[in-house]
*Asks:* 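Below are the structure tokens for one structure; questions will follow.
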Amino acid sequence: MEEKEIRKERLKELEKLGYSPHPYFYPAEDAVSDIVKNFRGAKEEELEKLKIKVSTAGRILTIRRMGKATFLHITDGKEKLQIFLRENTLGKEKYSHFKHFNTGDWIGVKGLIFKTKTGELTVLAEDFTLLAKSLLPLPEKWHGLQDVEVRFRKRYLDLIVNRKTRDIFEKRARILRRIRKFLEERGFVEVETPMMHSVLGGAAAKPFVTHHNALDMDLYLRIAPELYLKRLVVGGMERVFEIGRNFRNEGISPFHNPEFTMLEFYWAYKDYNFLMDLTEELFCEIAMEVWGGLKGKYQGRDLDFTPPWKRLKFMDTLSDRSGIPVEKLWDEDFVMKKALELFPEEGTPPSTYGKALDFLFDKFVKEELFQPTFIIDFPKVLSPLAKEHRNEPRLTERFELFVAGMEVANAFSELTDPDEQKARFEDQVRRKEEGAEVDLDYIEALSYGLPPTAGEGVGIDRTVMIFTDSPNIREVILFPLLRKK
RNA sequence: GAGCCGUUAGCUCAGCAGGCAGAGCACCGGCCUUUUAAGCCGGGAGUCGCAGGUUCGAAUCCUGCACGGCUCACCA
């Protein structure tokens with residue numbers, strides 16, 4: 001008989017004995033992790049004197065049957081707690097019911113807290129009941145679930161047997177909470193803007209296309225919320241932020257998932273210099289929250305968020321690292337040729353000056369930026385939504401934050417001039433850049449006046465990767481996109 | 001999209017100079033009232049990713065496909 005059939009039989013037996021296969025509730029007053037937290041440090045004699053009764057519940061991870069006594073570990077997903085079943089406590093009849101339980105089953109337990117002679121915190125069961133039967137066996141108990149594909153497709157199994165997975169997503173939640181707190185303390189309002197866009201914009205990326213039937217209208221899943229958030233600043237919301245999903249119809253890699261989470265925020269009257277200081281503060285708070293300090297490790301290398309971080313100019317840095325003189329980097333033909341020269345045989349070489357510059361930057365600079373580093377003052381051709389640099393018309397007031405070789409944040413003094421913005425959009429369209437459309441509605445909004453504004457986008461998934469020491473973005477996304485099986 | 005690697009029991013993995021498909025965990029039966037990778041005895045469990053080919057004979061060699069991983073490409 002297959003395991004599933006055996007377990008169905010077990011369930012039938014339990015039903016005959018009066019157990020509900022799918023009960024409606026259980027008074028689990030004491031969470032496993034709370035019991036562990038509250039009594040882990042307690043003395044044995046102390047517990048014996050206090051006779052503390054608990055009512056708890058969880059999934060059975062392991063069972064050790066020894067005739068008239070049985071030990072099991074249950075978990076609430078965070079902590080493990082040992083349960084002790086004994087015939088002379090439960091009675092012969094009740095004790096015998098447990099033979100129909102298996103690992104993986106959900107169980108409700110009431111009993112007394114004590115410590116075994118090896119000192120492990122344990123609940124001496126006075127009563128137990130079935131909360132759900134697992135008809136399929138759990139993955140192996142000490143190797144856990146290793147198969148990466150199964151871990152992502154059946155994340156619930158990964159969560160049951162791999163404690164580290166639960167930790168990552170607990171940390172992700174804490175990071176998000178911390179970010180919200182940080183922004184709320186500074187007077188920000190959280191908003192939600194459309195995820196379905198009729199005009200593409202806010203980033204350079206290929207979109208997903210969908211269709212609304214009643215309106216008979218094609219829509220894009222947003223590639224960025226940027227243009228909507230700035231409309232809100234025009235509308236007088238001087239400090240707004242949004243945390244939400246963006247969708248980009250591009251390749252998948254250890255650093256890219258087609259849907260990913262971004263924080264974007266806009267602060268009126270500020271510029272990008274202010275944002276760099278603010279970004280240092282934000283990441284220091286996250287580091288304190290997760291690491292309890294400003295120093296940690298990523299993939300075996302020391303990472304230090306102690307401010308101030310290096311601020312390196314894009315063109316100067318690229319020139320330094322590549323050995324190409326700065327004047328040459330402004331020579332479109334030279335850069336295109338150079339990029340083509342260095343480009344691997346397969347694949348599509350950069351088609352525009354902007355892409356070629358970007359390629360050179362990735363090749364010579366990006367991966368070296370391990371410690372938190374701001375790369376500042378990007379060329380205008382790379383930054384269609386950023387304001388021209390106050391001292392150098394070929395540049396913009398823009399920075400990107402790199403940590404562990406990853407681009408984690410992107411920010412600028414926002415372009416506020418509607419005519420200039422229109423010209424930049426048109427220029428993009430002329431260059432046939434991805435995600436480029438002339439958003440006339442946005443130009444109109446700008447025409448009502450956008451005050452000086454600083455805006456920033458922070459990649460949440462990558463930030464979580466850094467603070468959970470995860471080498472792959474899929475480790476920090478509960479259900480990463482996989483091919484249909 | 002390209003190159004390389006992988007896919008064997010529910011899980012973790014061995015087996016691949018072509019010759020009866022294996023182990024541990026899990027599961028079932030027996031013994032066992034402080035175990036914790038419990039232990040001891042016995043047992044059941046497989047479309048060897050899928051399809052074709054070579055061969056007396058294929059998990060093993062060859063081809064194609066599917067899914068996954070890594071690297072590259074794409075990607076502010």
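Naming: A, B, ... by sequence-line order, numbering from 1 per chain.
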*Asks:* Quick one: A/F255 CZ to B/rU71 C1', roughly how many Å, whole number?
*Replies:*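 Rounded to the whole Å, the gap is 12 Å.
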*Asks:* Say we look at B/rG43 and B/rG57: how far apart would their P atoms be, to the nearest angstrom?
*Replies:* 34 Å
*Asks:* Given atom CD of A/E407 and atom P of B/rA76, what is their separation to the nearest angstrom?
*Replies:* 9 Å
*Asks:* Hey, is the side chain of A/S253 poking within less than 4.0 Å of OP1 or OP2 on B/rC74, counting only N and O atoms?
*Replies:*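 Result: no.
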*Asks:* In whole angstrom, give me the gap between the P atoms of B/rA58 and B/rG18.
*Replies:*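 About 13 Å, rounded to a whole number of Å.
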*Asks:* OP1 or OP2 of B/rC28 versus the side-chain N and O atoms of A/N102: is any pair under 4.0 Å?
*Replies:* yes
*Asks:* Can you give me the closest heavy-atom contact between A/I179 and A/I243, atom names plus distance?
*Replies:* CG2-CD1, 4.3 Å
*Asks:* Could you go over nucleotides 9-13 of chain B and give all protein N or O partners under 3.5 Å, atom names and distances?
*Replies:*
residue : atom : partner : partner atom : Å
B/rC11  : O2'  : A/E140  : N            : 3.0
B/rC11  : O2'  : A/G144  : O            : 3.2
B/rU12  : OP1  : A/Q146  : N            : 2.9
B/rU12  : OP1  : A/D147  : N            : 2.9

*Asks:* Salt-bridged, A/E120 to A/K115, with N to O below 4.0 Å?
*Replies:* no
*Asks:* Would you call the rings of A/F101 and A/F128 parallel, tilted or perpendicular if under 30° counts as parallel and over 60° as perpendicular?
*Replies:* perpendicular
*Asks:* Under 6.0 Å from the six-membered ring centre of A/F479 and within 45° of its axis: does the NZ or CZ of A/R155 meet both?
*Replies:* no
*Asks:* Is the shortest side-chain N to carboxylate O distance from A/R390 to A/E397 below 4.0 Å?
*Replies:* yes
*Asks:* 5'-most contact on RNA chain B: A/N88 or A/F412, nearest heavy atom basis?
*Replies:* A/N88
*Asks:* Atom CZ of A/R153 and atom P of B/rA66: how far apart are they, to the nearest Å?
*Replies:* 14 Å
*Asks:* Return the pairing partner of B/rG52 with a 3.5 Å limit on both distances, Watson-Crick or G-U wobble; otherwise return none.
*Replies:*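 Matched B/rG52 with B/rC62 under the 3.5 Å cut-off.
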*Asks:* What is the pairing partner of B/rU34, taking Watson-Crick or G-U wobble pairs with both distances under 3.5 Å in any strand?
*Replies:*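 The base-pairing partner of B/rU34, which may sit in any strand shown, does not exist here.
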*Asks:* Which part of the nucleic acid, if any, lies within reach of A/N257 when heavy atoms closer than 4.0 Å are counted: base, sugar-phosphate only, or nothing?
*Replies:* nothing
*Asks:* Return the pairing partner of B/rG6 with a 3.5 Å limit on both distances, Watson-Crick or G-U wobble; otherwise return none.
*Replies:*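 B/rG6 is paired with B/rC67.
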*Asks:* Can you measure A/H100 atom NE2 to B/rC28 atom P for me and round it to whole angstrom units?
*Replies:* 11 Å
